[in-house]
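Model, not experiment: these values are computed from the prediction. Below, chains carry the letters A, B, ... as their sequence lines are ordered, and counting in each starts from 1.
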Amino acid sequence: MKAKKRQFLEENTSLSLNQESLFPSKGKLDVDDEDSSDESVVESSDEEVLEKETEAKSAQTIEKPYSSDVDDDVSDDEDLRNTVGNIPMEWYENFPHIGYDLDGRTISKPIRNQDELDKFLDKMENKNYWRTVHDKQTGRDHVLTSEELQLIQRLKKGSFYTSGIDPHEPYVDFFTHEKMIHPVTNIPEHKRSFTPSIIEKRKVGKLVHAIKMGWLKPRKPKTDESEEPKFYDLWEETESKTPTNSELARQKMAIPAPKTQLPGHEASYNPPPEYLPSQEEIDKWKEDDEDERKLDFIPEKFDSLRQVPQYPTFIQERFSRCLDLYLCPRQRKMKVMVNPEELIPNLPKPKDLQPFPTFQALCYKGHKAMVRTISVDSTGQWLASGSDDGIIRVWEVATSRCLREITTLGDQPVKCVSWCPNKSVCLLAVALENKIVIINPSIGDKLIYSATDSLLQSFQPLADEETTNKQESEKSNAVIPPWKTVETGLPYQDGQRLVITHPKDVSKVTWHAKGDYLACVVPGNGHAQVFLHQLTKQRSQTPFTKCKGAVQSVLFHPTRPFLFVATQQYVRVYNLVKQQLTKKLMANSKWISSLAIHPGGDNLLVGSYDCRLSWFDMDLSTKPYKTMRYHKRAIRSCCYHPKYPLFASGGDDGNVVVSHGMVYSDLMQNPLIVPVKVLKGHKVERNLGVLDCCFHPHQPWIFSSAADKTIRLFT
Amino acid sequence: MAQIQVKFFTQQKKYEVSEAPFSVLGSVSGSDLCDLINKLRLEQDDESEKKSFDFIVNGEFLRSSLLQHIEEKGLSVESVLPVEYFEAKESPELKSSLSENDWISGIQLNKQHILTGTYDCSVNIWCRNSETKLATGLAHTEPIKSIAWIPSFGGENDSNEKLASTSQDQKIVLWDFDKEKNSLRPKFSCKGHSRSVESIAVNSKHETFASGSWDCTIKLWSASYVPEKGGLEDEQISSASKKKRAKLEQTGISRVPQMTVAGHTEVVSGLVWIDNNQLCSGSWDHTLRLWDMSEGKETSQLRGTKAILSVDYSKLNQTLVTGNTDRHVRLWDPRSTGSVVKSNLTSHHGWVTCVKWCKTNSNLLVTGSLDNLVKMWDIRSTKTPLFDLTAHTDKVMCLDWHKSEVSKNKIWNLFSINCNLFIFK
């Protein structure tokens, strides 16, 4: 018991400061405690008594402040309340007093002269020693009353300050969870509560104004959604949505899985005997490859269903069937309903477009080198040809008989021959080296060829013309080729009548349709690449002071005063009367080789070394109306038939391609072009095939000359 | 296989067999029937020789099996089919060849001589028996294009033969051939054409001849060798000086045409007289025109699709034949108009340059082509010719033939580039 007391005391002493802080200004305790403590000590000495006492007195505790006040008044003289406050009392160590009382009088330090022995005796003898506390502010000892002790105990337990509070008394909620029919207060709501708050209105008004003025910025709406992960509801509204076209199509095009074949009689456990295979068939079945077998099992006969063994490959088959169903993609094959023949343009059959040349009728043999050029007489009786061996031959068309052989000096290759289209003269223009030789082959009508000679002889150059010629030549700064008349000797007997000498080699000669003018190409002669010669006046001129590009070919328009000049990529159409460029045709090819004009004059054919043959409708456009690629190699020549709706091209692949080219007089209708025949027969020598081709003037026949030294007639 | 009842008959009495109908298989061909006939003949007469026969069913040669032939013709298989047979002609053999210096452009036979015109401007006469060249005439300056005999009424007894030649030098020369002296002299030089004269045809009365030219006209000339009294020709002789007379000897007296008819638009390549007045002309303008030469009028026109190279007319069957530039030989009825072709003979591979009827057999004709072949046709067999004569090594440009009354056919024809004339027997 004592040990307990001691312990408690120690604890109390340790709490002494707390006690001071707990009761800072309750000096009244001291006096009261003195009295009551005496009583309590008398009354009870053990704890049980103490507790009973506290319980008994607990009822009075509420009214204690009042009683203490009363006590305070009663023991006024003994009230030693220090007014220095909660300060460290060491500050008063050197003073005789320890503070001031309520009246301002000093509180003198109590005289403590107890030595250790006294303290011990006191400890031994004094019953209240354990509940005696030293009050530093007053310097006196204070004996705790039992109430104070109980309070200390409660506080130590963490319980309430006063003892009368029950923390576990039943809780009565003011508002209940049950729905009540009556309001908590039945006071009718004030009228004010229905009117909008003016303060709020003002506040809102201020905010609105601030926002308007831009002082206050409303909070930005949340836009940054990418930061948050997105989630989609896969199955959202799938059923309610109307299906799109592609979905509908997919549903429509759904292909059901192929059905397995139903078992037949041979699959029965007791098949009719005709389904049972013989031993040979079984052996054959075993030898065959799995793919070749008709059945993938051997039909067997069992007496009863009971004896049928388990099907050994059942699971395997199911498995392969499943694989078939989901691994094999099923796709509807799009059947092309268009008949491929309908895609081909509806061209008339070549059979209906007759006549056109179909087979080789004659072969004109005699030249010893490649035949570069041919030309048919306007009557259709004679064919002139020029070869690299320097010989010009005139053939009878009907029999392939060579009737005239005109040799030229030097055996230079004959570049071009051309019959004069005028039927009242018999003249052949030949391009040879740098000369154009006008030859009278003295063939055909005697009257005509003798008249031709006399016509040429009767020419008398006028003196003033010569001077103008000179002037012109000075003006144009180009050499005007001199004309020379051949009058005697071997060349005359050979038929040579006139020689026009050019500064460079002549590559091509063409006549105007009336037979008076002829144009020639002199490539590589600077700007003067084209020369025009007039036969009746024996005059020459260079129509162009400037020539862009290398001139490949020239051609007269059959009826109008136009001259076509083909350079490597363009065909220029010049009006000779107005002396201006009227059109520039783009051939869409790299190197033009030949030109031909339709007898009507509105359509032009352009062959090129890059295998293309272009048909120009000059009313339509400056670009080709149609480009044909029927040759495998370079096109060397092309021509129109003067009467039949035919045109042809000859190329280095040794073929002549004949096409039907109908030009309608109705301007709205485009020309009809149908390839009708590929004429083969010429051999390709040294990569050269057909070099020239031309139509018979009256018959649907075509002549072609080639590098194999022959001329062939196809009819 | 269907059985067909056939009945054989012939016009050659020596090969006659019984007329009793036979039942033969439908698949039999000509050679099987030939064996049958030979067996039948053996039964009748033990000494009969084996011969080969040709069969005609419904007017056409049997070239395929009998059943096929019947189906093509649409005949009944049920009834008895009359089959005509006759001895097959033996293929002519090459007898000899004559050589000229240049291409031969025209050839014509008469009983004793062969007349040729060549590209070296000469007219040559050969003897048929000895096959030697008798005479050469040089009056043209350009290649000869065609030649023709002008038969005289005196026949063979006449000491002189008359002939005409046309040339590219626009002239027609009438020659006089003295059989005894073997000399050929130009008598008349017919001038009037402005271009090469391509064809000539002598009237059946031998009084006039017609010529066709590249100037698209046909001219009618007198064939008389007596100079016209009181006309230009007489004047030429009478007024000529000695020098001129000598020149006339070389070139002949000039003659002018009696009549000129124009209508063709291209060269007149073939001419043939149908009767004494009616002339048929073929041209490169694809037409055959019939002319009444007494009036000089065109009577009718037959329009083809290809240029015509040669024309001939058979008096026996009144049919015109043309050689065309498209490999076909066409038969025409001169009484029809328009473009009705009687039949096409198709086997050549090149232009058919010359056609000639047989003068004694209405069914036979010979054609020559640029494909180096001469073919003999029976017009009852349109797809296959009777024979191919393959001696030529170059283009055939003209031919003539004469079937003698004796037994064998003689075909004379000509070959161009190697200048050879082949004689077949």
Report task. Against chain B, label A/Glu396 side chain, backbone, both or neither, depending on which of its atoms sit under 4.5 Å from a heavy atom there. Result ->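 Side chain of A/Glu396 only, per the 4.5 Å heavy-atom cut-off to chain B.
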
Other residues, nucleotides, ligands: >12 heavy atoms within 6.0 Å of B/Lys342 NZ
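Buried by this count: over 12 neighbours within 6.0 Å.
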
Which residues in residues 370-386 of chain A have any heavy atom closer than 4.5 Å to a heavy atom of chain B?
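Residues in range: A/Asp377, A/Thr379, A/Gly380, A/Gln381, A/Trp382.
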
* Using heavy atoms and a sub-4.5 Å threshold, report which of residues 697-705 of chain A line up against chain B, by residue number. =>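 Contacts with chain B: A/His698, A/Gln699, A/Trp701.
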
Return the [atom1] to [atom2] distance between [X] and [Y], rounded to the nearest 0.5 Å.
{"X": "A/Ile443", "Y": "B/Arg195", "atom1": "CD1", "atom2": "CZ", "answer": "9.5 Å"}
{"X": "A/Thr399", "Y": "B/Trp351", "atom1": "OG1", "atom2": "CH2", "answer": "9.0 Å"}
{"X": "A/Ser400", "Y": "B/Trp103", "atom1": "OG", "atom2": "CH2", "answer": "4.0 Å"}

Residue pair A/Lys446, B/Ser194: steps toward the side-chain hydrogen bond (donor to acceptor under 3.5 Å, both in side chains) verdict = CA-CA 7 Å; A/Lys446 239 178 223 173; B/Ser194 62; over 6 Å; no

- Message: Are B/His349 and A/Phe359 packed together at the side-chain level, in the sense that at least one heavy-atom pair is separated by less than 4.5 angstrom?
- Response: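 The answer is no; the side chains never approach within 4.5 Å.
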
Item to complete: Evaluate side chain to side chain contact (heavy atoms under 4.5 Å, CB included) for A/Leu362 paired with B/Leu370, printing each intermediate quantity in order.
Response: CA-CA 8 Å; A/Leu362 283 166; B/Leu370 293 184; 3.4 Å; yes

Under 3.5 Å, side-chain donor or acceptor atoms of residues 303-311 of chain B against the rest of the protein: list the pairs with distances, not counting sequence neighbours.
residue, atom, partner, partner atom, Å
B/Ser310, OG, B/Thr353, O, 3.3
B/Ser310, OG, B/Val355, N, 3.4

Discussion item. Which atoms of B/Trp214 are under 4.5 Å from chain A, going by heavy atoms: the side chain, the backbone, both sets, or neither?
Written reply: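 When you check distances to chain A, only side chain atoms of B/Trp214 fall under 4.5 Å.
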
message: Between A/Arg401 and B/Glu142, does any side-chain N to carboxylate O distance fall below 4.0 Å?
response: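 No, this pair does not count.
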
Please identify each residue that fulfils salt bridge (Lys or Arg N to Asp or Glu O under 4.0 Å) with A/Asp445, with sequence neighbours left out.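 Listed in chain order: nothing, the list is empty.
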
